[in-house]
Amino acid sequence: MKTLDKTYNPAKVEPRWSEHWIEKGLFRADTDSRKPVFSMVIPPPNITGSLHCGHALNSTLQDVLARYKRMKGFNVLWLPGIDHAGIATQNVVERMLAEEGLTRERLGRERFLERVWKWKEESGGRILEQLKRLGASCDWTRLRFTMDEGLSRAVREVFVRLFSEGLIYRGDYIINWCPRCHTALSDLEVQHEERDGFLYYLVYPLKDGKKTRKTITVATTRPETMLGDTAVAVNPSDKRYASLIGTTIILPLVNREIPLIGDNGVDMEFGTGAVKVTPAHDFNDFEMARRHDLECVRVMDLDGRMNENAGRFKGLDRFRAREAVVEALREEGFVKKVDNYRLLIGTCYRCGTTVEPTLSKQWFVDVKPLAEPAIKAVEEGRIVFIPRSWENTYFEWMRNIRDWCISRQIWWGHRIPAWYCKRCEHTTVATTDPSVCEGCGSEEIYQDEDVLDTWFSSALWPFSTLGWPQRTKDLEMFYPTTVLSTGFDIIFFWVARMIMMGLKFMGDVPFRDVYIHALIRDAEGQKMSKSRGNVIDPLVMMERYGTDAFRYTLVSFAAQGRDIKLSEDRIEGYRNFSNKLWNLARFVFMNLEEEDLEEEDLAEGRYPDTSLYNIPDRWILTRLKRCADEVSKGIETYNFDESARSLYRFIWHELCDWYVELVKPDIKGERGEERRKVAVHVLTSVLRDTLKLLHPFMPFITEEIFSYMKKRDVSIMETGFPEPDLIFPEEEAEMERIMSVVRAVRNIRTEMNIPHRARVDCLCLARDDSVRGAILTGEAYIKDLAGVENLRVEASGEGPRGSVSAITDGVEVFVPISGHVDLDVEEKRLKTALKKLLGELSQVQRKLANEDFLNRAPREVVAKEKRRLEELLEKKGRIETGIERIRTVRG
RNA sequence: GGGCGGAUAGCUCAGUUGGGAGAGCGCAGCCCUUACAAGGCUGAGGUCACAGGUUCGAUCCCUGUUCCGCCUACCA
């Protein structure tokens with residue numbers, strides 16, 4: 001057998017396996033399979049993106065699920081893909097054009113789109129390679145892209161059907177406009193930021209107050225929009241102003257006459273209780289204008305500059321205009337005062353520019369009718385969020401949902417399938433490009449210039465990727481998908497919309513479980529961002545510590561409902577863990593004899609006759625079984641961190657720290673050939689099962705080690721997930737007893753500074769027969785692991801002169817010290833132990849003295865406490881004898 | 001304004017039918033013991049944020065407070 005390198009070198013191992021798995025088609029879903037189905041679609045990353053920690057976490061968790069389910073015998077589909085990311089991609093390509101001194105307008109739509117496709121072919125989707133590097137076991141043969149022909153057909157189909165049902169409409173409404181990206185944005189695409197600003201108090205004169213110089217003062221954070229004011233509103237129940245409702249105001253600078261209206265939406269407490277109304281540039285005001293049938297006056301153009309309605313301010317950028325307008329108002333005495341004020345401003349999530357609410361003609365989805373069944377699906381538990389608490393967030397948004405603006409004034413995306421007629425003004429909406437107007441048959445039709453929100457196509461992802469609107473085998477087999485794993489930040493953007501669309505067009509939920517993973521932050525708890533410069537690059541981490549170690553770190557941190565503070569130290573720790581595993585394998589392989597290898601395939605070996613097992617064998621097999629149960633349970637309940645913790649403890653602190661040490665003499669043949677064979681067998685079998693348990697988390701190293709154990713060409717992922725059933729609770733307990741004696745002797749050795757090589761004698765006093773039995777059966781192990789020469793076990797008696805003692809549950813361990821014992825050190829040891837013990841003792845005694853406790857607590861609990869009291873009292877007695885003994889020696 | 005989450009060892013975090021507080025890193029001491037120094041052994045370190053309540057018993061359940069995050073909202 002090959003000798004492994006002394007340290008594990010992931011860089012040498014990982015790329016080979018990534019390729020191998022894909023070449024062999026191990027990730028392919030099978031439409032002819034009769035196995036139970038497990039399916040997921042990947043949240044499609046942006047085509048412009050590159051792998052960040054969030055992707056890495058989410059993909060790792062999905063990969064754990066996929067690999068686990070595959071090994072458990074499921075027909076697994078994990079469908080990968082990417083998103084065309086309309087605005088982001090267009091920005092990227094426009095930036096490239098700018099470097100050539102070009103603009104998209106000069107290039108023209110068609111040639112611009114050619115450039116985007118070319119860019120896509122050359123440098124788009126880099127992230128897919130990075131996902132492969134991470135080990136993501138997606139079915140790469142089914143890779144999808146939102147702009148693919150098939151998916152585009154799905155988009156059109158959906159648009160046409162919603163339009164025909166009146167759920168998609170076009171109209172003039174106020175929307176969020178990004179003056180930089182030159183497009184409308186949905187509410188969700190606007191990010192709110194708190195900034196310092198001012199609250200301006202503007203004085204508006206009343207028309208019939210000319211003689212009396214009557215005025216009304218309004219408060220605003222955006223004085224420049226006053227040019228577009230078409231009313232002033234007050235609350236009708238506001239006594240200060242109620243009598244003025246219906247009067248006319250002269251708008252300063254503009255000299256337009258505007259009405260003073262009453263509206264319940266006005267907050268009497270805020271500012272002066274009077275608010276200016278600018279319907280064309282404020283959502284609130286727009287609503288109010290509709291209620292009161294007010295005029296809408298736009299005062300800005302699409303670049304965010306003042307337009308002709310702004311009179312002398314025309315051409316000024318909106319922020320310059322603010323200063324200019326305030327200045328002008330001030331000169332004429334219309335500014336009463338200016339307060340400092342924290343305000344929330346909306347910014348474009350793509351470029352950060354302050355968005356401008358603007359009246360505009362756009363396409364919308366009437367979402368309410370779609371939202372109702374989507375709410376119900378979650379209420380009725382047909383879809384379950386994990387953690388459950390996210391359902392509140394979902395409900396909150398869905399119940400207050402507003403119409404979705406889906407048209408974007410960009411070129412890269414699915415063009416809106418609507419044609420307008422120059423003759424009759426009819427709008428033709430069709431799945432295939434029409435040549436004549438549906439209404440009048442005229443050929444003079446032209447297509448809408450706009451494209452759809454990228455999220456529109458993403459909403460169809462779970463079924464469009466499976467072939468819809470065609471009724472494919474994939475669709476039939478894999479829809480609804482089993483799980484969706486994603487971040488909370490796109491619950492509204494994506495999850496909710498998929499649920500609505502899935503229910504609408506497939507008549508069924510798109511997935512059963514929605515697992516919401518944590519958000520990754522840096523070590524200080526800051527959100528990672530390029531501008532902060534605190535981004536941890538997953539690729540660098542994989543390079544530096546190995547993909548498996550990086551994956552394991554993410555999984556270990558993935559506790560539900562808590563953010564992840566990622567730190568490099570932790571990754572290093574798991575790098576060490578992978579090295580530990582590597583060396584475990586190295587040890588095993590080093591000690592195999594030729595015949596062990598010839599006799600059978602280590603990768604498939606069965607456990608031998610259980611009657612041949614000794615205590616350590618039975619103990620480790622029991623521990624393995626418990627670990628396997630915990631791993632499965634953790635994955636199935638999305639408590640991935642628990643699985644990871646359990647495996648870590650088992651491999652390092654049970655298998656390596658104890659079992660390997662226990663069987664070393666066996667493996668080396670010191671206890672006979674038969675025993676050697678059994679030990680080898682158990683050790684290799686446990687190693688093999690451990691590798692399998694670990695494989696979903698650490699696919700590379702496990703496959704690598706496994707490859708040395710197998711005779712035929714098989715991947716570890718094809719060998720099934722271990723479900724061991726051997727369990728020996730008695731030996732498990734006995735072993736614990738033996739281990740605690742070993743620990744006790746080691747403790748004494750350390751505290752007494754006994755040289756490492758020196759052997760010591762040991763006397764164990766234990767009243768309980770079974771405890772003595774356990775110690776006696778473990779004699780050889782205690783001698784080995786604690787460096788004991790002679791071991792005596794007695795029911796009762798005295799510790800030998802000049803010996804030091806340690807007390808563990810039910811056992812008192814004495815170690816005679818050659819030369820003389822440092823009495824002071826020993827006394828101090830005993831006294832500290834006594835002090836600690838007395839604390840525990842008084843707790844227990846207090847409990848047992850409490851009648852209510854005795855009467856009301858469950859019997860088992862009371863019995864347990866009583867047993868504990870006895871143990872503690874016994875311990876106490878022994879420690880006190882020890883202290884007494886020291887006193888007598890001192891004389 | 002509404003909602004959600006967090007506060008446990010120096011740091012990062014686990015801890016559910018409520019019943020003797022855990023891990024990793026870091027720290028201290030000893031050890032290059034033939035799988036592993038990316039290692040081994042041993043150890044120190046915690047009024048479980050604060051105040052009440054329920055209970056025989058609370059880190060855990062309930063109420064309130066403080067601090068820190070996040071999401072959401074039409075106080076201009």
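Throughout, protein chains are lettered first and strands after them, A, B, ... in sequence-line order, and every chain is numbered starting at 1. Because only heavy atoms are used, hydrogens play no part in the values below, and waters and symmetry mates are left out as well, while side chains stay in.
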Please report the distance, rounded to the nearest Å, between OH in A:Tyr574 and C1' in B:C25. 10 Å
What's the gap between B:C60 and B:G1 when it is taken at their C1' atoms, as a whole Å value? 32 Å
A:Tyr648-A:Tyr574 aromatic ring centre distance below 6.0 Å: yes
Stem list for RNA chain B, please, built from Watson-Crick and G-U wobble pairs under 3.5 Å and keeping only runs of at least 3. B:1-7 with B:66-72, B:10-13 with B:22-25, B:27-31 with B:39-43, B:49-53 with B:61-65
Answer yes or no: is there an ion pair linking A:Lys633 with A:Glu642, defined by an N-O contact shorter than 4.0 Å? no
Please give, in whole Å, the distance from B:G20 P to A:Glu840 CD? 11 Å
Taking 4.0 angstrom as the limit, do A:Asp285 and A:Lys276 come out as a salt bridge? no
Neighbours of RNA chain B within residues 337-344 of chain A, by heavy-atom distance under 4.0 Å: A:Tyr341, A:Leu344
Using whole Å, report how far CG of A:Leu566 lies from P of B:G24. 19 Å
What interatomic distance, in whole Å, is found between P of B:U8 and the corresponding atom of B:G3? 25 Å
Check against side chain to side chain donor-acceptor pair (under 3.5 Å), A:Tyr545 and A:Glu568: CA-CA 9 Å; A:Tyr545 301 102; A:Glu568 215 169 317; 2.8 Å; yes
Rounded to whole Å, how long is the line connecting atom CG of A:Asn284 with atom P of B:G1? 19 Å
Could you pick out which residue, A:Ile754 or A:Arg645, lies toward the 5' side of RNA chain B when each is mapped onto its nearest nucleotide? A:Arg645
Which part of the nucleic acid does A:Tyr545 contact within heavy-atom distance under 4.0 Å: base, sugar-phosphate only, or nothing? nothing
Closest heavy-atom pair and its distance - A:Phe589, A:Tyr708: CE1-CB, 3.6 Å
Over-ring placement of A:Arg551 relative to A:Phe697, 6.0 Å and 45° cut-offs: no
Using a distance-only test with no angle check, is there a side-chain donor-acceptor pair under 3.5 angstrom linking A:Gln191 and A:Tyr349? no
Does the base of B:G20 carry an N or O that pairs as donor and acceptor with the side chain of A:Arg868 under 3.5 Å? yes
Tell whether A:Asp569 reaches the base of B:C25 with its side chain through a donor-acceptor pair below 3.5 angstrom. no
C1' spacing across the pair B:G40 / B:A35, given as an integer number of angstrom: 12 Å
Reckon A:Arg402 touches a base, only the sugar-phosphate, or nothing at all at heavy-atom distances under 4.0 Å? sugar-phosphate
Using the C1' atom as the point on both nucleotides, what is the distance between B:C48 and B:A21, in whole Å? 8 Å
Please state how far atom CE in A:Met226 lies from atom P in B:A76, giving the value in whole angstrom units. 19 Å
Between B:G24 and B:U65, how far apart are the P atoms? Round to whole Å, please. 39 Å
Taking the P atom of each, how far is B:A23 from B:C41, in whole Å? 14 Å
Take nucleotides 33-42 of chain B nucleotide by nucleotide from the 5' end and write B, S or -, depending on whether a protein heavy atom sits under 4.0 Å from the base, only from the sugar-phosphate, or from neither. B-BBSBSSSS
To the nearest Å, give me how far apart OH (A:Tyr394) and C1' (B:C71) are. 17 Å
Looking across every strand, which nucleic acid part, if any, lies under 4.0 Å from A:Pro858 by heavy atom: base, sugar-phosphate, or nothing? base
Measuring only the C1' atom in each nucleotide, how far is B:C70 from B:A9? A whole number of Å is fine. 27 Å
To the nearest angstrom, the CG-P distance between A:Asn850 and B:U55 comes to 14 Å
Integer angstrom distance from the C1' of B:A51 to that of B:U12: 29 Å
Nearest-nucleotide comparison on RNA chain B, the residue closer to the 5′ end among A:Glu269 and A:Lys864: A:Lys864
Over how many whole Å does the gap from A:Ile571 atom CD1 to B:U12 atom P extend? 16 Å
Please tell me whether A:Lys580 and A:Ser578 have a donor and an acceptor in their side chains that are separated by less than 3.5 angstrom. no
Aromatic contact, A:Trp582 with A:Tyr8 (centres under 6.0 Å): yes
What I'd like to find out is whether the side chain of A:Val686 reaches to under 4.5 Å of the side chain of A:Tyr659, using heavy atoms alone. no
In the structure I gave you, are the side-chain heavy atoms of A:Asn392 and A:Glu396 within less than 4.5 Å of one another anywhere? no
Check whether the side chains of A:Asn639 and A:Thr637 place a donor and an acceptor atom closer than 3.5 Å, and report yes or no. yes
Is A:Arg649 salt-bridged to A:Glu654, going by a charged N under 4.0 Å from an acidic O? yes
